Each structure stands twice: as C-alpha cells, then as structure tokens.
Amino acid sequence: MPPTPTAAPTAIPTPMPGLTPTAETPAVWIDPELPAAFRDSLELPGAFVATQNRERADYQVTWQAADAGGADWVYALAAPFATLTDEVSSQSLRAAWKGKAAEPFNGAELMMTVETAAAFRWLWGDFDPESVRIVPAEDLVDLAWARRPGWVIVPFEELTPRLKVIQVDGLSPLDPELDLRRYPLTAVIGVTAGEGNPSAGADLSVQWVGNRRPEHIARVFMTGTTAMVRHMALRMEEEGVLYPAVKIGSLLSSADVTHISNEVAFYSNCPPAKPLRGSLRFCTSPAYVQVLEAVGADVIELTGNHLLDWGAEAISETLKLYANEGFRVYGGGWTMESARQALKMEINGNQLAFIGCNPSGPEAVWVSVDHPGAASCDYDWMEAQIRDLRQAGYLPIVTIQHIEVYDYKPTSAQRVISERMAQAGAVLISGSQSHYPQGFAFVGDALVHYGLGNTFFDQMDFGSSRGFLDRSVFYEGRLISTEVFTIRLEDYAQPRLMTPEERAALLETVFTESGW
C-alpha cells in the first residue's frame, strides 16, 4: 500500500531582535538532543553556518523558557487504548518522573525515547532512573501494551490509534483550541546568544516549525443507532422536539464532522407517536430533523433496515429533506450507483471518505431500479474501492449494518468482514447495526468498533440503554487517536454522559470482552 501523502508544514519566520552584525560569518550550535524532526526541518539563513563546537558558537538553538518564543514541541501522555484512566494531574506525573509513588502510576515506569527524555529533563530536571525507561521509538507501543498499564510520553505527531491520550490537568493535545502555555507537556525550542560570543551579530531569522499545527487537526464523531420513534417520539412531543439533544448536543457539535446513522425515514404522513405498536414499522416526523441540526450532524448514513418501512414515498421524501437541509449522505441513495459511492471530503487538509453498506436486509430495503434505498454489500467491490481511495490519498471510514446481536462480542461475520476492510486500507471500521455496546479490535493500526450501541433510540433495558460515541482525530493525513465517550439513556428519550463509575464499569467489561 502506498504511503498517504502528508501535508508539508508551513514555516513561520521569527526574527531575533536586538543583535548587531559582525564582520565574521556567525556560527550556530544546534543541540544534538533536540528532536530529529526539528533538526531535519531547521534551515539556517545563508549568512550563518552550523557548528558542532558549542563553546565557539555565536548562537545556540536549544530548549528555551516557555515565553521565549520559538518552536512549540508538544507531547502527549498516553497508555494502551484499553486503559480506564482518562486524566492525571501534572503534579502526579512530575512525582512519577522523580520516582515518587503517585496515583495512577504507583511505581510503573514512564517510557519514552532519549529525545523525549531530554525535553522533559529541561522542563522538570533530572529523572529517577528507576522510574523512567528509555525505549526505542519503534518499541514504545508494543511495550506499553505488554506492561498494561504501560505509560508513555510521545511527541504529538507520533501518536497512533493503539494509544489512548490521557488528559493532564484536564487538558488534551487533541483539542484544537488547546492553550499551549497552560498545557504542562509543551516544550519550546528557541535561540540565544552563544557561549563563545554573548554579543553576537546579525539577526538570526529562523524558520520555526513546531510539531503540532491545530489548523491541520480534523475531528470526526461516529455515533450508533438513531431511530426517533415510539417512547422517544412521545417524549419529544411532551417535552419538546430537542429533548433528546439537550445533554449531548454540544459534545457532538464539537467535531468537524458528526456522523449519524438514522435508520428510519422522515415522512409527512407518519402516524402520531405511540410507544407500543403491533409491528416494528417505523417512521419519523419531519419536524424531528431539528435534533440532527442541534447535534451538528453533517453526514447521514443510509444503511438502516427500517428506511423502507413506509415505502418509496417516505424514503424519497427523506432524501429530499436531507438535500434541502444540506446533509451529505452515503450508504444509500436514489440509485445503486449513488448508494455505493463513497462520500469524499477534505477537512483541514485531511482527505476522508465514508463508505457503507447493508448485508442484513431485509431485501426490500436495498436500493433497486424501482425505488431508492440502502446499498447492499458487495465486499469485493468495497475492497477495490477502499484500495483506490487510499491510492488517491483518502482515509476510508467504513460502516456496515450487520445482523443484530445483543452481545458485547461480535459475530464471526463481523470479525471477518472488518478484517477484510482493514487489510484493504480502511482506517476506521464501525458497526452501524448495534443496539448493544460491542467490543473493539485493531487490525494493524486500523480501529474496529463492532457496534457503538444506541445514540437516539428508546431501549431502556440495561444493555441497550448504554452506548458509545467515538471521536476520532486525524492529523496531516493520518488517524492518530480515537476518544471514546460513554452514554446512558434516561427517560426513554434523553442520553447523557455516564458517571465515572458507570463509565469504568462499561469500559472494563467491553475491554475484557474484546480480549484485552
């Protein structure tokens, strides 16, 4: 598979004021312990030469105070994806660095490369050699998983989906709005007058390039099943149409792209909301589209098996409504060609492509020459499309409406199909069918989530009232991380974020069922 193109960083010139020229060519010492990525990107102006002799240098480029100006080098505290801890304090982290017992580390080693250790030695002083382990970059992730809980500190750009980013003092480098001056894991590289000539000459205008450019971060929320029917619809009529969105709407809106898998049609002739019906024949009032708008929905998946419950007229009205509201759709459509077509978009320089299908039926829901509908699955065709998308520089996100099972563990079909899609080049594979929270897997660095459970649906039994929201983070043409949020349904209609105790219980169960 060819590598995905990476956007070239744009350098920002920052002159050093207050220095006067000399007759001799100024020499610059570049700290050899600085990150290789920085040293490789640094270009000195033509009037300057690099030197390995620090004592004779007119300038030195090395770690600086946070307010000195220069290149911000941002790091992340991380652990294996299957880690319960979400946040630590900087006080605990610094205590662990010094070899003092602190929660949640409790004597476990902090692992990092020699370059990363050099940065934190500047920030925090010498470390306890019994508490910090220097590890080659290529071994960090595997060692972290082998030593669960295994704690690592890595440069932001070296994050991988198999690692979970741990917030420090409630702050995460995955947040595009992060204030780097408040984030404890930011180091600064800058320039000062050298030891050999403190009054050195000409202005040194270095092309400062940091390792984290927030304008290149793209966040995508993947959600589970939505069907605003039965009890939920009745509560919306009683409490207001936006009732389901009240507690998670702002969270879902925080992403650049929010995905919704709406399994039913919006239909003007939909009967009034009724909690109990004689058949599972669903439709939704067109007024309920306000919920999708309130949660910032951008992409609507059309693989649901109830889309044709009220016939071609209802699905036709739905497709027109989505088009009028500006929602983009995939996994279904007016024709087989449009239903199978990948939805392509570019977000902050990241090229993404959504592609999905429905293997479970019923056959009547599949698009045909007679009516719109969901895309049936042709996995050979999907594999070829995924390879073509990767060849063109896109990151494929695959969603599949599998046969429903009420179990944390996926079926063998889910496993086999997901592995095929990942090996073809998909970076995210998500099960859209699930009314029950299911487990995870990795195929290489591709994340598989077999089923997220319900997002907006009225099932209140213990298993189906719980679900996941997955916010995946892309950076310069790579998936680098996925943040997993946990939700619980209340009052048949209103999902909320879980309490810490509820969250820990669900994650522990699901990670165990995932074989972790």
Side-chain angles (χ1 to χ4, degrees), residues 4 7 159 161 165 172 174-178 213-226 245 248-263 289-304 321-333 338 341-357 385-386 389-390 392-401 421 425-432 446-449 452 455-456 467-485 487 495:
T4 303
L159 284 169
V165 174
S172 169
L174 301 175
D175 180 3
E177 304 299 322
L178 175 67
R213 303 186 63 203
E215 67 273 20
H216 286 185
I217 296 174
R219 299 193 293 179
V220 176
F221 248 129
M222 301 299 294
T223 67
T225 297
T226 285
I248 64 170
S250 59
L251 173 65
L252 288 174
S253 298
S254 68
D256 299 285
V257 178
T258 298
H259 153 281
I260 295 287
S261 179
N262 187 35
E263 294 205 1
V289 76
Q290 296 174 64
V291 173
L292 305 187
E293 296 169 341
V295 302
D298 304 282
V299 170
I300 310 298
E301 180 182 346
L302 296 173
T303 65
L321 176 66
Y322 287 152
N324 290 338
E325 296 292 334
F327 297 122
R328 302 183 68 182
V329 302
Y330 78 99
S338 64
Q341 187 68 36
L343 170 58
K344 301 176 183 177
M345 56 178 60
E346 182 173 329
I347 307 295
N348 298 338
N350 298 276
Q351 296 186 97
L352 310 177
F354 293 83
I355 186 169
C357 67
Q385 289 299 302
I386 291 168
L389 288 166
R390 287 305 297 265
Y394 285 89
L395 302 175
I397 299 170
V398 175
T399 58
I400 299 175
Q401 187 83 205
M421 299 303 105
V427 297
L428 279 178
I429 302 97
S430 183
S432 303
L447 174 62
V448 181
H449 196 169
L452 281 72
T455 299
F456 296 116
F468 292 104
L469 304 172
D470 295 349
R471 188 169 65 189
S472 291
V473 182
F474 300 84
Y475 182 72
E476 295 191 346
R478 290 194 308 116
L479 172 64
I480 62 169
S481 188
T482 295
E483 303 168 284
V484 175
F485 297 85
I487 57 174

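Here the structure is a predicted model, which is why all the values come from computation and not from measurement. One-based numbering along the sequence shown.
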Checklist entry - Can you find a pair of side-chain heavy atoms, one from V295 and one from T223, that are under 4.5 Å apart? => result no
Checklist entry - Does F456 have any ring pair (Phe, Tyr, Trp, His ring centres under 6.0 Å) partners at least two apart in sequence or in another chain, and if so, which? => result none
Checklist entry - Per the side-chain contact (heavy atoms from CB on, under 4.5 Å) rule, which among L479, L395, L389 passes with L352? => result L395
Item to check | Student check: side-chain heavy atoms of L469 and M222 closer than 4.5 Å | outcome: no
Item to check | S430 vs V398 side-chain heavy atoms within contact, under 4.5 Å | outcome: no
Checklist entry - By salt bridge (Lys or Arg N to Asp or Glu O under 4.0 Å), which residues pair with R471, not counting sequence neighbours? => result E483
Next on the checklist: Could you check whether E301 and S432, counting side-chain N and O atoms only, form a donor-acceptor pair closer than 3.5 Å?
Outcome noted: yes
Next on the checklist: Holding to side chain to side chain donor-acceptor pair (under 3.5 Å), I want the full list of residues that pass it with T482, two or more places apart in sequence or in another chain.
Outcome noted: S472
Item to check | Counterpart residues, side-chain contact (heavy atoms from CB on, under 4.5 Å), relative to V257 (two or more places apart) | outcome: V220, D298, V299, M345, I347, F354
Item to check | Aromatic plane relationship, F468 with H449 - under 30° parallel, 30 to 60° tilted, over 60° perpendicular | outcome: perpendicular
Checklist entry - By side-chain contact (heavy atoms from CB on, under 4.5 Å), which residues pair with Q385, not counting sequence neighbours? => result I355, W381, D388
Checklist entry - Is there a side-chain contact between L251 and F221, using heavy atoms and a 4.5 Å cut-off? => result yes
Item to check | Side chains of V329 and L343 in contact at under 4.5 Å (non-hydrogen atoms) | outcome: no
Next on the checklist: Side chains of Y330 and T399 only: does a donor on one sit below 3.5 Å from an acceptor on the other?
Outcome noted: yes
Item to check | Side chains of Y394 and N350, donor plus acceptor under 3.5 Å | outcome: no
Checklist outcome for this item: side-chain contact (heavy atoms from CB on, under 4.5 Å) filter on Q290, not counting sequence neighbours, yields V241, L242, A287, E293
